[in-house]
Amino acid sequence: MDNRAIGVFDSGVGGLTVLDDLINHFPHEDFIFLADTKNNPYGTKSKAELEEIVERNIKYFENENVKAIVIACNTATANSYHLHPQVPLIRIIEPTAKRALEVGKKILVLATDYTISSGIYQNFLGDRAIGVKCSKFVGIVEEGLMGTEIAQEVVRSHVEEYKGKVDTVILGCTHFGLLTKEIKDVLGNINIIDSSLSIAPLLKEAIKDNNQTGRGKVIINTTGNPNNLKISWFKKPIDEIKQVFIS
Ligand code: DGL
């Protein structure tokens, strides 16, 4: 029995799509989610900046005494391979690429500018992959503009040219699941592999069940102003939401 919480982090609200799925799979676990909005967006930062941010977030969770850390962010995952914390560290890219390889012949990878430039998805997928830099989608989601004409236009301008040329699309940024409708409206009926839904099987292997029966506690911490988080779409109960200062 291990009642410690599970730490989950992203640059902002996108990672809550991961948390949402994890709460569905592990309703009795306690979660601490870190929305590092002070440093959002991650996807246009340099490798050196991102390595420092990721290291600092992992130290933060070690100090919080969590039993596992989930990197609910593809961009951060690409900068995490040098880190080996005491507790299990769950990364999002490899399981997502594996899921895509099971169904896709020609795979469109939509991810942040950094993730695409790093070539990490292409390394896992080989010549089946076409990468498109979509950091502009991140701001749309942070601003809560899903479903608007602005969102439709930004998505259309990035993906339209691939219509009919791919059979599978990877949402290689945890913000992009919230734009699934806009993406489907342009690309039509293709396989969608949302990276946000890749974590649960790995977390199951990594943690011991805490044997509790009640609802787990959900804490959302942010490095920015909690009042600015656009999370009305997140329907799970939140027990606490507050600003934290991480150095
Ligand atoms: N949600 C993050 C990802 O999965 C990145 C968003 C950002 O650029 O901050 O890559």
Side-chain angles (χ1 to χ4, degrees), residues 7-22 33-54 56-58 69-81 89-97 99-100 108-125 129 131-146 151 154-155 158 169-180 182-183 192-200 202 220-224 228-231 233-234 246:
V8 181
F9 77 88
D10 182 34
S11 64
V13 301
L16 287 174
T17 59
V18 176
L19 182 64
D20 188 73
D21 183 57
L22 294 180
F33 180 83
L34 176 67
D36 187 14
T37 51
K38 189 179 155 211
N39 293 305
N40 184 283
Y42 283 176
T44 50
K45 293 197 161 40
S46 69
K47 185 167 187 58
E49 286 172 309
L50 288 167
E51 280 185 356
E52 197 183 316
I53 286 169
V54 174
R56 197 207 53 192
N57 291 349
I58 285 174
I69 302 170
V70 173
I71 309 183
C73 175
N74 293 260
T75 313
T77 292
N79 289 287
S80 70
Y81 290 92
L89 181 63
I90 319 287
R91 299 177 173 91
I92 199 165
I93 292 177
E94 195 172 350
T96 303
R99 286 172 57 216
L108 186 66
V109 184
L110 306 180
T112 64
D113 295 6
Y114 185 94
T115 301
I116 297 299
S117 300
S118 75
I120 186 162
Y121 266 107
Q122 297 90 319
N123 288 346
F124 285 114
L125 300 169
V132 183
K133 295 179 181 175
C134 296
S135 270
K136 286 224 170 81
F137 295 9
V138 176
I140 298 278
V141 172
E142 286 295 316
E143 293 300 320
L145 295 175
M146 297 79 82
V154 171
V155 169
H158 283 71
V169 58
I170 290 182
L171 309 184
C173 170
T174 53
H175 284 69
F176 297 177
L178 293 163
L179 294 170
T180 300
E182 284 84 348
I183 292 166
I192 301 230
I193 305 292
D194 183 350
S195 60
S196 298
L197 308 180
S198 295
I199 296 288
L202 297 181
I220 297 185
N221 291 337
T222 175
T223 54
N228 293 342
L229 290 179
K230 306 274 191 313
I231 54 170
W233 56 267
F234 184 77
I246 305 179

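All ligand and atom numbering here is 1-based and tracks the order in the structure. Side chains are part of it too, since the values below use all heavy atoms of this structure and drop only hydrogens, waters and symmetry mates.
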Heavy-atom nearest neighbour in the protein, as seen from atom 8 (O) of ligand 1, with distance rounded to 0.1 Å:
G43 N, 2.8 Å

Considering distance alone, does some N or O of S135 sit under 3.5 Å from an N or O of ligand 1?
no

With heavy atoms and a 4.0 Å threshold, my read on which part of T112 contacts ligand 1 is side chain

Structural part of T75 in contact with ligand 1, heavy atom criterion under 4.0 angstrom
both

Mind checking ring pair (Phe, Tyr, Trp, His ring centres under 6.0 Å) for F176 and listing every partner two or more places apart, or none if nothing turns up?
F137

If you measure from each non-hydrogen atom of N74 to ligand 1, which part falls under 4.0 Å: side chain, backbone, both or neither?
both

Quick one: which of I92, I71, I90 gives a side chain to side chain contact (heavy atoms under 4.5 Å, CB included) with V18?
I92

Decide whether T44 and D113 meet the rule of one side-chain donor and one side-chain acceptor closer than 3.5 Å.
no

Counting from 1, what ligand 1 atoms have a heavy atom of N40 closer than 4.0 Å?
9 (O)

Side-chain donor-acceptor contact under 3.5 Å, T115 with T75
yes

Return yes if a side-chain donor-acceptor contact under 3.5 Å exists between S198 and T96, otherwise no.
yes

Which atoms from ligand 1 have a heavy atom of D10 less than 4.0 Å away?
1 (N), 2 (C)

If you measure every N or O of P41 against every N or O of ligand 1, does any of those distances drop under 3.5 Å?
no

Between S11 and ligand 1, find which residue part has any heavy-atom pair under 4.0 Å and reply side chain, backbone, both or neither.
side chain

protein heavy-atom neighbour closest to atom 2 (C) of ligand 1 works out as C73 SG, 3.2 Å

For the pair E51 and K47, find out whether any cationic side-chain nitrogen is under 4.0 Å from an anionic carboxylate oxygen.
yes

Would you check if there is a donor-acceptor pair between the side chains of N79 and Y42 at a distance under 3.5 Å?
no

